[in-house]
Each structure stands twice: as C-alpha cells, then as structure tokens.
**Student:** 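My questions all concern the structure below.
All chains are named by letter (A, B, ...) in the order of the sequence lines, taking the proteins before the strands, and each is independently numbered beginning at 1.
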Number of protein chains: 2
Amino acid sequence: MSKYSVSEENHIKAIFHLQQDQDTVTTNELAKELQTKPASITDMMKKLKTKKLVNYQRYKGFRLTEQGNKVALNIIRRHRLWEYFLSEKLKFNWDEVHDVAEVLEHVSNNKLIDKLDEFLGYPRVDPHGDPIPDAQGKIKSSKKTVLSALPLNTPGIINNVSDQSSEVLEILTHKEMNIGTRLEVKKKFDFDESLEIKIGRQAAFTISKKLADTVYVQII
Amino acid sequence: MSKYSVSEENHIKAIFHLQQDQDTVTTNELAKELQTKPASITDMMKKLKTKKLVNYQRYKGFRLTEQGNKVALNIIRRHRLWEYFLSEKLKFNWDEVHDVAEVLEHVSNNKLIDKLDEFLGYPRVDPHGDPIPDAQGKIKSSKKTVLSALPLNTPGIINNVSDQSSEVLEILTHKEMNIGTRLEVKKKFDFDESLEIKIGRQAAFTISKKLADTVYVQII
DNA sequence: GCATTTTTTTAGCTTTGTCTAAAAATAATA
DNA sequence: TATTATTTTTAGACAAAGCTAAAAAAATGC
Ligand SMILES: [Mn+2]
Ligand SMILES: [Mn+2]
Ligand SMILES: [Mn+2]
Ligand SMILES: [Mn+2]
C-alpha cells in the first residue's frame, strides 16, 4: 500500500462517502463536497484513474475500485480513531474533533495507527457513533433507523448523529440524548411533525422533526 | 501567530538548532541538514525574510529573528510532546519516535497541543532527555556535561543522548544506561580512550569513547 | 595581491494542485 | 426533434517547492 498525497486522500474519502447512497458519483457533486471547482475534480479523477483507485470514463461519473475502497477505509479508520482519542483522552467536545481529525488522518504511519488503536482499547465506534474499520478494513455496518421513523413505543438506542455541528451537540446534550441512550417515541404530532420522546423514568419531552432527522437509533 | 507550511517549519526548526552553537548559519550547512540543495535554501531564505522570520543578507548567512525563534520553539514543543506521547503512551521505542514526530509536529492546532500537554501531565523532557518548551515558549536549559568529559568519581545523572539511532539505543539499553540513571566514571584508559563506568552497586564495565561522546549527564 | 577554489546566488525548468474561461458533451424541454 | 440549459472537460495560467547548470561573490593560498 503506497502513499498518497493529502489531496488525493481527501478526494478518495469523499468519493467513498458519496458512493454509499448512489451508484455513480458526479464531478459537480464531488466539487461541492470538497469545496473546489469541477475542473479540479476532472484533473484529479484522471490522476486517480492512472493509479487504479477509481473507475472513471469521461462524462460518465466515477466510483472507487477495490483498491480505492481499501485506501478509503484506511483513511476513515485513521480519522475515527483520532476522533475517539481527541474526545475520550483529550476531552475535546463532540463538535470539535472532526476538524482536527481531518488533519491527523493524513499521518499515514500504520504502526502508529495500530498502536493508537491498541492504546484506546480497540474502540468500535467514534464519538458520533460511526463504526471504526479494523486493521483489515472490516467495518461493522449496523442497520440503523432514523429517529423520526422509529415506530411508536419501540425501544431504540441512539447510535449515530449525522449532523456534527455544535448547535446539534448543544441541544442533544441539553436533552440528555447521548450516544447509547435508550429511548422510545411516545407520540407523533401531525400538526408540526414534532415527536414526544421518553428516556427511562424521566418525564416525556418534545423534539422537532428537524432534530429527529439527524439522530439514528438501533432497534433492540 | 499565522500558519506556516511544512517546508517553512522544517527550515525554521533546522535553523534554530544550527544557530545554537554558532552565530550565523550558512546556506550549505542548512542544505546539508535538510538534505536539499543550496539553491533551494536561498529561495526559502528570501521567502522567510519577507515573512520577517529570518535576518538574511545575501552571501552573509542568516539567523532567526525574535519572531522566528518563537515559531521555532512552538514547533519544538509540538515535536517533543508528540515524542513523549509516542514513547510513554503508545510504547514506541526510543529510536522510533523521532520520525513519526517529524510529521505530527506540523499539526499546528494550539488547542490540540495544549490539551495533549495537559493529558500527558506537563512533561518537562522528551524521551531523549531534551527539554520541552512550555506554552509560552520558555525552555529550561540545564547545563550538561558530555560523559566523556565527566571527572572521575563524580556522580552524574544521564540527561540526554544526542544520537537517536537504534544502534545507540541497543547498546545503552543493554548496558542499562537510561535517562535518569546515576553513574560515575571510575577510570579512563589512555590507550583507546575507553572509560570504566559504575552504576550503583553493580560491577563496573567499560564503554568506548565513541559511546561516551553521545551521552550527556548532569553533575549533582 | 592575484589566481584558484569554494560558496552562494541566479536563471530557467519541473511537478503538484489549483483556478478561470471557453469548448464540448449530455440532458432537459418545448 | 430542435433548441436551450446544464454538466463536464479542455486549454492555459499560476503559486509553491524543488531541481540543475551557469554566473557571481567570497575565501583561500601562494
Ligand atoms: Mn469526522
Ligand atoms: Mn482530511
Ligand atoms: Mn526528535
Ligand atoms: Mn518535520
């Protein structure tokens, strides 16, 4: 596994995420994701194609090759392990870890990452609930349900939060909805699509559809 | 304090080290240190001059400005804190930490470094015995003596090892000469300049001049 | 003090990664 | 289907960081 530049790695990782819910990624989409220009994406796709990391034909969109997927999973492993370290050991807030990890993920010394993994006790999920790939690139994808679609009176465990902004962190922390918290939806109001949530023996409270759309739970 | 490129930081740090024992650093010296070409150094010195990090006049050598010194101490702080982390927490060997730290030192997020410092318990020296500058850039320079010049029967504590190669680590580990070890020189042989060393109640043993030249001690 | 050697700088070229503007291909729609 | 709109690619430029080869300055040695 040779070494890729920071820019190459950022492109590979972004394609990986985009291709999860569609079968081909377009130039414009990736440009938007990486806050760059479509022309720059075309250049990079040509390069990644010669390195056999991406299947690309002009005007036809692209996808990672097997090779590309492997590389992407390794970058994601690095990213999430550093996020876990920052959150768990250095006591960073939830919403601060991503940006720092965005840089640290490019320190691509495998011995470093494996020792970090060991030091952290082989965590399986990062601070946002996303699974951490193991040294072989295996990733555990648990089928999760968005909270806004959780059936009534069905216990679920908060698994993942898709929006990592400090605003979301603030409200979830305030309502004591953390990763691992067990909850049920008691009612859904058609009027404004708000949901009534109950955690353990506490009094039920209401959250907005907008918030419920960012929270993913695992049904038990 | 703005942000500097990896290459700029490597140049600044190298100048800092070279200027410790001479009053002006030359183009060729720095090129050799950084394994690059003199022409490239000239280019970089022009750039660092416009950024007011270096005092430079063509053909006259250079030195860091006040500003440049501050930046250098911050890089060295980052480098040594990461070395401490790698050695103390991730259990890397002594001779492996430098190369990894050479990359990590360029992740220049001050909050990260200050939290890392706190997490590590504010260590004062890195795994080679070199002092770690504090958040204000203050560095504690203890006057140290090279072991080969330590007077006979004078107790000293191993403080620092200037050669960080695995060969040196191997021999020092084997002879149980670690940072913090207290020892005395019992004899010096003129024939081959070897030294007889005694640690605590153990039997005395002999080391070469070459080895004694890499070890620095603090006289108690 | 002049010639020779060494050091340093300059000039010009290369690679990587990005950009803008224009051209080409594809998609949408009337 | 022809026209229009959108997307994507190409062409050409630029900045950063490096290199080689040649020129200029400084240092050395007789
Ligand atoms: Mn993240
Ligand atoms: Mn990144
Ligand atoms: Mn070091
Ligand atoms: Mn470095």
Side-chain angles (χ1 to χ4, degrees), chain A residues 2-16 18-19 22-64 68 71-72 75 102-103 105-108, chain B residues 2-15 18-19 21-64 68 71-72 75 102-103 105-108:
Chain A
S2 90
K3 239 211 138 187
Y4 303 105
S5 74
V6 169
S7 180
E8 286 170 341
E9 289 193 347
N10 283 334
H11 283 78
I12 293 163
K13 196 180 60 161
I15 298 170
F16 182 90
L18 288 173
Q19 73 180 12
Q22 60 199 87
D23 63 67
T24 186
V25 180
T26 71
T27 304
N28 268 3
E29 279 164 1
L30 187 54
K32 195 177 172 192
E33 177 75 17
L34 291 174
Q35 315 220 72
T36 181
K37 304 292 162 185
S40 309
I41 298 297
T42 300
D43 288 346
M44 184 57 86
M45 289 313 104
K46 284 183 190 163
K47 180 148 64 120
L48 294 183
K49 186 185 182 174
T50 71
K51 296 193 178 189
K52 297 192 196 298
L53 293 171
V54 102
N55 290 316
Y56 164 68
Q57 290 180 84
R58 65 203 223 301
Y59 296 107
K60 298 278 167 95
F62 37 83
R63 257 193 157 260
L64 295 177
V71 175
I75 302 164
E102 203 54 53
V103 182
E105 70 186 359
H106 304 292
V107 181
S108 56
Chain B
S2 90
K3 240 212 138 187
Y4 304 104
S5 73
V6 169
S7 180
E8 287 170 340
E9 290 193 347
N10 283 334
H11 282 78
I12 293 162
K13 196 181 61 158
I15 298 170
L18 288 173
Q19 74 181 10
D21 29 41
Q22 59 199 87
D23 64 70
T24 189
V25 180
T26 70
T27 303
N28 268 3
E29 277 164 4
L30 187 54
K32 193 178 173 191
E33 177 75 16
L34 292 173
Q35 316 221 70
T36 180
K37 303 292 163 185
S40 308
I41 298 297
T42 300
D43 288 345
M44 184 57 87
M45 289 312 104
K46 284 183 190 163
K47 180 149 62 123
L48 294 183
K49 185 186 183 171
T50 72
K51 297 194 177 187
K52 298 193 195 298
L53 293 170
V54 101
N55 289 315
Y56 163 69
Q57 291 180 82
R58 62 204 225 302
Y59 295 108
K60 298 279 167 95
F62 37 83
R63 255 191 158 261
L64 295 177
V71 174
I75 302 164
E102 202 56 53
V103 182
E105 68 185 0
H106 303 293
V107 181
S108 55

**Student:** Quick check on salt bridge (charged side-chain N to carboxylate O under 4.0 Å, His left out): which of E33(B), E8(B), E105(B) does K13(B) satisfy it with?
**Tutor:**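 The option that passes is E105(B).
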**Student:** I need the CD-C1' distance between Q35(B) and dG18(D), as an integer number of Å.
**Tutor:**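 One finds 15 Å between C1' of dG18(D) and CD of Q35(B), rounded.
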**Student:** Starting from P on dT9(D), measure out to CE on M45(A) and report it in whole angstrom.
**Tutor:** 10 Å
**Student:** Remember a base hit wins even if backbone is also touched, and classify K60(A) as base, sugar-phosphate or nothing at under 4.0 Å, heavy atoms.
**Tutor:**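 Counting heavy atoms under 4.0 Å across all strands, no contact is made by K60(A).
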**Student:** Separation of Q57(A) atom CD from dT8(D) atom P, in whole Å?
**Tutor:** 15 Å
**Student:** With side-chain contact (heavy atoms from CB on, under 4.5 Å) as the test, would you mind laying out the steps for Y59(A) and T27(A) before giving the verdict?
**Tutor:** CA-CA 9 Å; Y59(A) 296 107; T27(A) 304; over 6 Å; no
**Student:** Provide, to the nearest angstrom, the distance between the CG atom belonging to L34(B) and the P atom belonging to dG18(D).
**Tutor:**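 Nearest whole value for this atom pair: 9 Å.
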**Student:** Between P on dT18(C) and CG on L48(A), what's the gap in Å once rounded to a whole number?
**Tutor:**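 Taking CG of L48(A) and P of dT18(C), I get 11 Å after rounding.
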**Student:** Taking CD from E8(B) and C1' from dA16(D), how many angstroms apart are they, rounded to a whole number?
**Tutor:** 9 Å
**Student:** Would you classify S7(B) as touching base, sugar-phosphate or nothing, given that sugar-phosphate means primed atoms plus P, OP1 and OP2, and contacts are heavy atoms under 4.0 Å?
**Tutor:** sugar-phosphate
**Student:** Closest approach to the side chain of M44(B), judged atom by atom: which nucleotide of dT7(C), dG18(D), dA25(C) is it?
**Tutor:** dG18(D)
**Student:** Choosing from dT18(C), dT10(D), dC19(D), which nucleotide comes nearest the side chain of T36(B)?
**Tutor:** dC19(D)
**Student:** With a cut-off of less than 4.0 Å, is there a side-chain N or O of T42(A) near OP1 or OP2 of dT8(D)?
**Tutor:** no
**Student:** Side chain of Y59(B) only, please: which of dT20(C), dT18(C), dA25(D) is the nearest?
**Tutor:**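 The answer is dA25(D), which lies nearest to the side chain.
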**Student:** Hey, does H11(A) have a side-chain heavy atom less than 4.5 Å from the side chain of V54(A)?
**Tutor:**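 When only atoms from C-beta onward are counted, H11(A) and V54(A) do not touch, as no gap falls below 4.5 Å.
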**Student:** Which nucleotide, dT9(C), dT18(C), dC19(D), lies nearest any side-chain atom of Y56(B)?
**Tutor:**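 Among dT9(C), dT18(C), dC19(D), the one nearest the side chain of Y56(B) is dT9(C).
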**Student:** Does T27(B) reach a base, just sugar-phosphate, or nothing at all? Heavy atoms under 4.0 Å.
**Tutor:** sugar-phosphate
**Student:** Between dT15(C) atom C1' and Y4(A) atom OH, what is the distance in whole Å?
**Tutor:**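 Distance, rounded to whole Å: 19 Å.
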**Student:** Give the rounded distance in Å between these two atoms: CG of L30(A) and P of dT7(D).
**Tutor:**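 Roughly 15 Å, once rounded to whole Å.
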**Student:** Less than 4.0 angstrom between a side-chain N/O of R58(A) and OP1 or OP2 of dA24(C), yes or no?
**Tutor:** no
**Student:** From the list dA21(D), dT7(C), dT8(D), which nucleotide is the closest neighbour of the side chain of N28(A)?
**Tutor:**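 Between dA21(D), dT7(C), dT8(D), the one nearest the side chain of N28(A) would be dT8(D).
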**Student:** Students often get this wrong, so: under 4.0 angstrom with heavy atoms, is F62(A) touching a base, only sugar-phosphate, or nothing?
**Tutor:** nothing
**Student:** Report the nucleotide, chosen from dT10(C), dT20(D), dT9(D), that has the shortest atom-to-atom distance to any side-chain atom of K37(B).
**Tutor:**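 Among the listed nucleotides, the one closest to the side chain of K37(B) is dT20(D).
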**Student:** Check whether more than 12 heavy atoms from other residues, nucleotides or ligands sit under 6.0 Å from atom NZ of K51(B), and answer yes or no.
**Tutor:**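 Count over threshold, so yes.
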**Student:** Verify, without hydrogens or angle tests, whether Q19(A) (side chain) and L64(A) (backbone) share a donor-acceptor contact under 3.5 angstrom.
**Tutor:**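 Yes, because the side chain of Q19(A) sits within donor-acceptor range (under 3.5 Å) of the backbone of L64(A).
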